[in-house]
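In what follows, every chain begins at residue 1, and chains take the letters A, B, ... in the order their sequences are listed.
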Amino acid sequence: MFDLRAIRKNPEQFDKNWARRGLSAQSSEILALDEANRGLQTELQELLAARNEKSKEIGKIKSAGGDADAIMAEVSSLKDKIAKLEEQQKIADEAVKTKLSGIPNILAEDVPDGPDEDHNVEIRKYGTPKSLNSIPKDHVDIGEALGMMDFANAAKMSGSRFVILNAGLARMERALAQFFLDTHTSEHGLTEVSPPLLVKSDALYGTNQLPKFADDLFKSSDTDHWLIPTSEVSLTNIVAEEIIDEEDLPRRYTAFTPCFRKEAGSAGKDTRGMIRQHQFYKVEMVSVTTPDKSIEEHERMTGCAENLLKKLELPFRTIVLCAGDTGFGASKTYDLEVWVPSQETYREISSCSNCWDFQARRMNARCRAKGEKDTKFVHTLNGSGLAIGRALVAVMENYYDPADGGVFVPEVLKSYMGGLEKILSC
RNA sequence: GGAAGAGUGGCAGAGUGGUUGAAUGCACCAGUCUUGAAAACUGGCAAGGGUUCACGCCCUUCGUGGGUUCAAAUCCCACCUCUUCCGCCA
């Protein structure tokens, strides 16, 4: 959502920014809708003012015991006009909102140009991918050989894109989640939250999954409940409709939850293995800041995610997404990509976005400085810290021991796995 | 799921058809007093929007959406949320 007054003031600037995402000019259409709406609004308000004034007069006359029939008839005659105008104005208002809610966020200035993911820019790299002399096994081969990863039986009950983990791998999944959460709460200063996994339409509108991306969400058929595709939805909506004291910001949340996605648009993509599932666990980070602090917070948050991969000693790189690859609600996004040996490439394991005031406007989430009258929209940020399924894949493949088909337990996970050194088939 | 009650400004809490956007208290802000603080006193204090160069004027909002009326926080309907009781249940 956008500040209409800002668009009125600087239409070209908005169009220029949207053009970076490959969008045609939008502002003239927006402004036309806006103008029509305001015209109707002004007209309507004049009628309402007249009605209010006359009604007050009637009140006065009546309480004085007089006869107000004449004025009452007069006001009565305004009724139809008001009703008609109200109807028109509502439609006009809806039109503006619908138009605006379908347009992506303004990009930060330092987002690199480019139409697609091939133009993303690497900004940091950590660790060195192991050189392997044989063709590396992928996590599916490793997991099935261990007898701890079962796609067939998952498919039997749930269809494709589900998995059953057993024994050591199930425990490692849990260990990763615990390790991430503990690191966030004890080292990064985030507050752990256990939020709802089912949310109402309004919440999804606030974090821009609706109305545009309904196709990728699972929905209850008889109630207004949707399964969250990420706990960004639950965590960010905590501040919806709130006015927060600036001194209480930033707020930094983290949650460990399952995430549910239809993956409607990715048929045939990553069909093998755990990379892309309908249901997966993720530890999420969400920050809510004052407008002047979000850029700083974005770097901090990305650093928190990177820290986890460093502690796991997994090779990764950090990229900044180019204009064409930056998501709908984000003004700037860093992706962390972890080395996946079987694919001999880096794959996304975290995405950290600064949404600026985009979600805040949709959620009506504001803040106020002490002693000041004016409110401002907060800035919201979200990032994975990290996707558990993909982290498990990365650990399995990077810590695989071809000598016995086992998987070494990363140092930082050992305490979460009862001191276990290595997962071996039983 | 059934029954009863309730949803008003940051909080508490008045208000059952007519200058009520809303008494009062607390909190908060500014000032007076004080060496300073407290107390006391004085004043201020909802959000969003339209219009205006501006002062200002106006509109909307008392859980949400409809309705009745010249006029709704106040009456009617539906929904949501909360509380209590009953039922069921991890």
Using the P atoms only, state how far B/rG21 lies from B/rG63, rounded to an integer number of Å.
-> 16 Å
I'd like to know if A/K311 and A/E187 make a salt bridge, using a cut-off of under 4.0 Å between side-chain N and carboxylate O. yes
Any strand, both distances under 3.5 Å, Watson-Crick or G-U wobble: B/rC85 pairs with B/rG2
note: A/E43, atom CD; B/rG49, atom C1'; distance rounded to Å ~ 17 Å
(message) So A/R361, base contact, sugar-phosphate only, or nothing? Heavy-atom distance under 4.0 Å.
(response) nothing
| query | Below 3.5 Å, does any donor atom in the side chain of A/Q45 face an acceptor in the base of B/rG49, or the other way round? | reply | yes
Between A/M72 and A/K200, whichever has its closest RNA chain B nucleotide further toward 5' is A/M72
Among B/rU60, B/rA46, B/rG50, the one nearest any side-chain atom of A/R51 is B/rU60
Task: Worked check of side-chain contact (heavy atoms from CB on, under 4.5 Å) between A/H278 and A/F260 - done: CA-CA 5 Å; A/H278 285 310; A/F260 305 93; over 6 Å; no
- Query: Given the C1' atoms of B/rG9 and B/rG5, what is the spacing between them in whole Å?
  - Reply: 24 Å
Take atom P in B/rA23 and the same atom in B/rG43, then report the distance between them in whole Å.
15 Å
- Determine the interatomic distance between P on B/rU20 and the same-named atom on B/rC58; round to the nearest Å. 14 Å
inquiry  = Could you go through A/S331 and A/N105, starting from their C-alpha distance and side-chain angles, then the distance that decides it, and tell me whether this counts as side chain to side chain donor-acceptor pair (under 3.5 Å)?
reply    = CA-CA 6 Å; A/S331 74; A/N105 199 359; 4.8 Å; no
> Taking only N and O in the side chain of A/R368, is any of them less than 4.0 Å away from OP1 or OP2 of B/rC28?
Replying inline: no
Of the candidates B/rU60, B/rG49, B/rG18, the side chain of A/N52 sits closest to B/rU60
Original post:
Quick one: does NZ or CZ of A/R174 land under 6.0 Å from the six-membered ring centre of A/Y416, within 45 degrees of the ring axis?
Top reply: no
request  = Would you indicate what A/K62 reaches in the nucleic acid, counting non-hydrogen atoms under 4.0 angstrom: base, sugar-phosphate, or nothing?
outcome  = base
In whole angstroms, the gap separating P of B/rG50 from CD of A/E86 amounts to 18 Å
Against the side chain of A/L48, the closest entry in B/rC59, B/rC80, B/rG50 is B/rC59
Rounded to whole Å, the NZ-P distance (A/K54 to B/rC70) equals 15 Å
Q.
I'd like to know if A/K414 pairs up with A/E421 as an ion pair, taking the criterion as any Lys NZ or Arg NE/NH1/NH2 lying under 4.0 Å from an Asp or Glu carboxylate oxygen.
A. yes
Of A/K90 and A/G59, the one whose nearest nucleotide on RNA chain B sits closer to the 5' end is A/G59
Whether A/S55 contacts B/rU19 is assessed here as follows: a side-chain N or O lying under 4.0 Å from the phosphate OP1 or OP2. Is that the case?
no
Taken to the nearest whole Å, CD/A/E246 to P/B/rC28 is 19 Å
Picking from B/rU19, B/rU51, B/rA71, the nucleotide nearest the side-chain atoms of A/K79 would be B/rA71
| query | If you measure from the Lys or Arg side-chain nitrogens to the Asp or Glu carboxylate oxygens, is any gap between A/D34 and A/R8 under 4.0 Å? | reply | yes
For B/rA30, the nucleotide meeting Watson-Crick or G-U wobble distances (both under 3.5 Å) is B/rU42
Rounded to whole Å, the NZ-C1' distance (A/K97 to B/rG48) equals 11 Å
Any strand, both distances under 3.5 Å, Watson-Crick or G-U wobble: B/rC55 pairs with none
>> Need one value for A/D245: base, sugar-phosphate or nothing, where a base atom within 4.0 Å counts as base even if backbone is also close, heavy atoms only.
In response: nothing
**Item:** C1'-based separation of B/rU16 from B/rA72 [nearest Å]
**Value:** 11 Å
Closest to the side chain of A/R366, out of B/rU19, B/rC70, B/rG48, is B/rG48
Side-chain contact check for A/R8: nearest option of B/rG48, B/rG50, B/rG18 is B/rG50
Q.
I'd like the C1' distance from B/rG18 over to B/rC57, given in whole Å.
A. 23 Å
Separation of B/rG48 atom C1' from A/N364 atom CG, nearest Å, is 8 Å
Mate of B/rA37 across any strand shown (Watson-Crick or G-U wobble, both atom pairs under 3.5 Å) is none
C1' gap between B/rA4 and B/rU60, integer Å = 34 Å
Picking from B/rC70, B/rC58, B/rG50, the nucleotide nearest the side-chain atoms of A/A49 would be B/rC58
| request: State whether the number of non-hydrogen atoms from other residues, nucleotides or ligands found under 6.0 Å of A/K422 atom NZ is greater than 12. | output: yes
Rounded to whole Å, NZ of A/K60 lies from C1' of B/rC70 at a distance of 16 Å
Output, in order, the C-alpha distance, side-chain angles, deciding distance and verdict of side chain to side chain donor-acceptor pair (under 3.5 Å) for A/S201 and A/W226. CA-CA 7 Å; A/S201 305; A/W226 306 68; 3.1 Å; yes
Whole-Å distance, A/L44 CG to B/rU61 P, equals 11 Å
Mate of B/rC79 across any strand shown (Watson-Crick or G-U wobble, both atom pairs under 3.5 Å) is B/rG63
B/rA22 to B/rC62 separation - P atoms, rounded to the nearest Å:
14 Å
Taking a pair to mean Watson-Crick or G-U wobble geometry with both distances below 3.5 Å, B/rG18 pairs with B/rC70
